[in-house]
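Below, read A as the first sequence line, B as the second, and so on, with proteins coming before strands; counting in each chain starts at 1.
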Protein chains: 2
Amino acid sequence: MPAPVISRDEAVDRIIAVFRQYGYEGASLTRLSEATGLGRSSLYHHFPNGKVDMAQAALDSVRAWLATNVFPALSEDLPPEEKLRKFTDGLAHFYRNGERACLTDLFTMGEAGELFQEHFAKGVRALIKAIARVVQEAGFTPDDASTRAEDAVIAIQGALIVSRALGDQRPFQRVMRDMTAKLLAR
Amino acid sequence: MPAPVISRDEAVDRIIAVFRQYGYEGASLTRLSEATGLGRSSLYHHFPNGKVDMAQAALDSVRAWLATNVFPALSEDLPPEEKLRKFTDGLAHFYRNGERACLTDLFTMGEAGELFQEHFAKGVRALIKAIARVVQEAGFTPDDASTRAEDAVIAIQGALIVSRALGDQRPFQRVMRDMTAKLLAR
DNA sequence: GTCTATACGAAGATAGAC
DNA sequence: GTCTATCTTCGTATAGAC
């Protein structure tokens with residue numbers, strides 16, 4: 001019974017899960033094949049350049065998901081505090097309360113770093129700017145807002161690592177819970 | 001001219017550099033062999049279990065270095081602020097101002113995670129406690145001190161990632177510069 | 001303690017049948 | 001669009017000479 005056993009979107013979701021768990025180099029075609037239920041050749045049919053294309057598809061998918069489900073919160077017509085609250089709630093959901101690793105961490109190391117570092121540099125800069133804009137709306141100077149936003153991104157990334165190392169999601173949850181207040185504290 | 005072309009300590013230092021750059025799975029024996037100047041068989045002579053032993057030696061070496069050169073600052077007979085300042089200066093040097101990656105990040109992913117995660121859980125807990133003790137000396141409650149210390153470790157890890165993603169060491173440098181003041185802010 | 005040689009499986013990748 | 005088969009390269013690991 002040939003016919004798409006799985007949709008491309010579903011395949012990409014499972015590919016992302018493998019990258020999250022094993023990193024770029026650790027995500028072997030065998031693991032990707034098992035996770036998707038697709039044979040090696042089927043993977044190459046969908047992703048002609050193999051792992052690089054799968055990683056690119058993973059990045060595109062994650063970016064699109066965030067652009068649809070998380071970032072818009074920062075542009076809604078709401079008070080700064082509520083915008084930030086919706087945003088951090090969205091992020092906490094995205095990272096499954098700290099269970100999931102972030103590709104910004106995984107894909108800026110080793111071989112993947114040479115391929116994707118510039119992608120993530122742009123993404124991180126854009127994220128900091130988007131948060132800073134909201135903080136600025138709340139009455140902080142551009143420089144102060146930018147530093148606070150950078151600290152927020154640092155806290156997200158650091159909390160993911162500390163939670164992973166400890167095997168305990170509470171640090172991540174605490175950071176996300178307190179983030180809005182910290183961004184707006186006088 | 002057989003004879004140790006390189007000391008074991010020097011070999012371990014170069015092995016650590018490879019792990020830092022490529023992560024655990026990305027650190028192939030070929031790369032480790034090139035970095036140390038030792039043939040594959042020589043590596044197995046020094047590290048009978050191959051990569052696992054090299055990673056263990058890397059961890060032991062890093063732990064010993066920190067225990068000698070960085071952590072003692074937290075136990076010196078100095079005011080809390082000066083202890084923390086010496087400590088953060090030591091860490092900044094250890095991470096080469098943000099240029100170096102942290103093994104806590106790299107070795108808690110993928111296969112390495114299964115091998116070493118518990119090692120890092122212990123290390124992170126011990127580090128948080130050591131920082132918290134000093135913060136407590138400065139007059140904060142145990143709970144408050146512990147949370148502040150956890151935030152400090154989160155900031156270190158996050159700053160390393162953000163600096164790496166941006167290709168810019170300034171976020172890390174800023175975090176280290178401001179860490180003492182943040183830990184002791186009223 | 002280092003080297004060359006080699007074994008062996010895993011990884012990435014492709015060809016061609018269905 | 002998926003499969004089996006195949007290919008090559010790379011990674012890990014060992015044997016044995018020097």
Side-chain angles (χ1 to χ4, degrees), chain A residues 1-59 61 106-107 109-116, chain B residues 1-59 61 106-107 109-116:
Chain A
M1 29 289 228
V5 171
I6 200 182
S7 73
R8 185 190 156 98
D9 281 354
E10 179 63 27
V12 171
D13 282 349
R14 299 189 189 187
I15 286 167
I16 293 170
V18 175
F19 280 128
R20 279 192 203 283
Q21 187 171 358
Y22 295 101
Y24 184 77
E25 339 239 352
S28 67
L29 289 204
T30 299
R31 279 172 178 148
L32 292 162
S33 175
E34 286 170 358
T36 54
L38 297 169
R40 281 169 152 48
S41 292
S42 299
L43 284 176
Y44 276 98
H45 176 77
H46 293 286
F47 310 99
N49 290 310
K51 211 156 90 166
V52 180
D53 278 3
M54 294 187 231
Q56 189 64 58
L59 292 187
S61 170
L106 304 176
F107 280 17
M109 283 304 310
E111 292 173 15
E114 289 150 36
L115 292 167
F116 301 118
Chain B
M1 32 298 229
V5 171
I6 199 182
S7 73
R8 185 192 156 98
D9 281 355
E10 178 63 25
V12 170
D13 283 348
R14 299 189 189 188
I15 286 167
I16 293 170
V18 175
F19 280 128
R20 280 191 202 282
Q21 186 170 359
Y22 294 101
Y24 183 77
E25 338 238 353
S28 67
L29 289 204
T30 299
R31 279 172 177 148
L32 292 161
S33 174
E34 286 169 358
T36 54
L38 297 168
R40 287 168 193 301
S41 293
S42 299
L43 284 176
Y44 277 98
H45 176 78
H46 292 286
F47 309 100
N49 290 311
K51 210 156 90 166
V52 180
D53 279 2
M54 293 187 231
Q56 191 62 58
L59 291 188
S61 170
L106 304 176
F107 279 17
M109 284 303 309
E111 293 173 14
E114 289 149 36
L115 292 167
F116 301 118

*Looking only at side-chain N and O atoms, does H45(A) come under 4.0 Å of OP1 or OP2 in dG1(D)?*
yes
_Short side-chain N/O contact to dT14(C) OP1/OP2 from Y44(A), under 4.0 Å_ = no
*Give me the ring orientation class for F107(A) and F116(A): parallel if the planes are under 30° apart, tilted from 30 to 60°, perpendicular past 60°.*
parallel
*Taking CG from L43(B) and P from dG11(D), how many angstroms apart are they, rounded to a whole number?*
14 Å
*asked:* Tell me the interatomic distance from R31(B), atom CZ, to dT12(D), atom C1', rounded to whole angstroms.
replied: 15 Å
*Taking only side-chain nitrogens and oxygens of K51(A), does any of them come within less than 4.0 Å of OP1 or OP2 of dG12(C)?*
yes
*Can you check the L29(B) CG to dC8(C) P distance for me, whole Å?*
18 Å
_Atom pair distance, as rounded to whole Å: CD in E34(B) and P in dC3(C)_ = 13 Å
*Nucleic acid contacts of residues 8-24 of chain B, taken as heavy-atom distances under 4.0 Å to DNA chain C*: none
_Using 0.5 Å steps for rounding, measure from the CD1 atom of I15(A) to the CD atom of E10(A)._
10.5 Å
*Distance, rounded to the nearest Å, where E25(B) contributes CD and dG12(C) contributes C1'*: 16 Å
*Once you round it to whole Å, what is the distance between C1' of dG12(C) and CZ of F47(A)?*
16 Å
*Looking only at side-chain N and O atoms, does S41(B) come under 4.0 Å of OP1 or OP2 in dA15(D)?*
no
*I6(A) CD1 - dC3(D) P separation (whole Å)*: 11 Å
*Is any side-chain nitrogen or oxygen of H46(A) closer than 4.0 Å to OP1 or OP2 of dT2(D)?*
yes
_Gap separating the OG1 atom of T36(A) from the CG atom of L43(A), nearest 0.5 angstrom_ = 4.5 Å
*Taking OP1 and OP2 of dC10(D), is either one under 4.0 Å from a side-chain nitrogen or oxygen of T30(B)?*
no
*Can you find a side chain N or O atom of S28(A) that sits less than 4.0 Å from OP1 or OP2 on dA11(C)?*
yes
*In Å and rounded to the nearest 0.5 Å, what is the CZ to CD distance from F47(B) to Q56(B)?*
11.5 Å
*Starting at atom CZ of R40(A), determine the distance to atom C1' of dC7(D), rounded to an integer number of angstrom.*
12 Å
*State the CG-CZ distance between L32(B) and R14(B), to the nearest 0.5 angstrom.*
12.5 Å
*asked:* Nearest 0.5 Å, please: how far is CD in E25(B) from CD in E111(A)?
replied: 12.0 Å
*Say you draw a straight line from CE of M109(B) to CG of L106(A); how long is it, rounded to the nearest 0.5 Å?*
4.5 Å
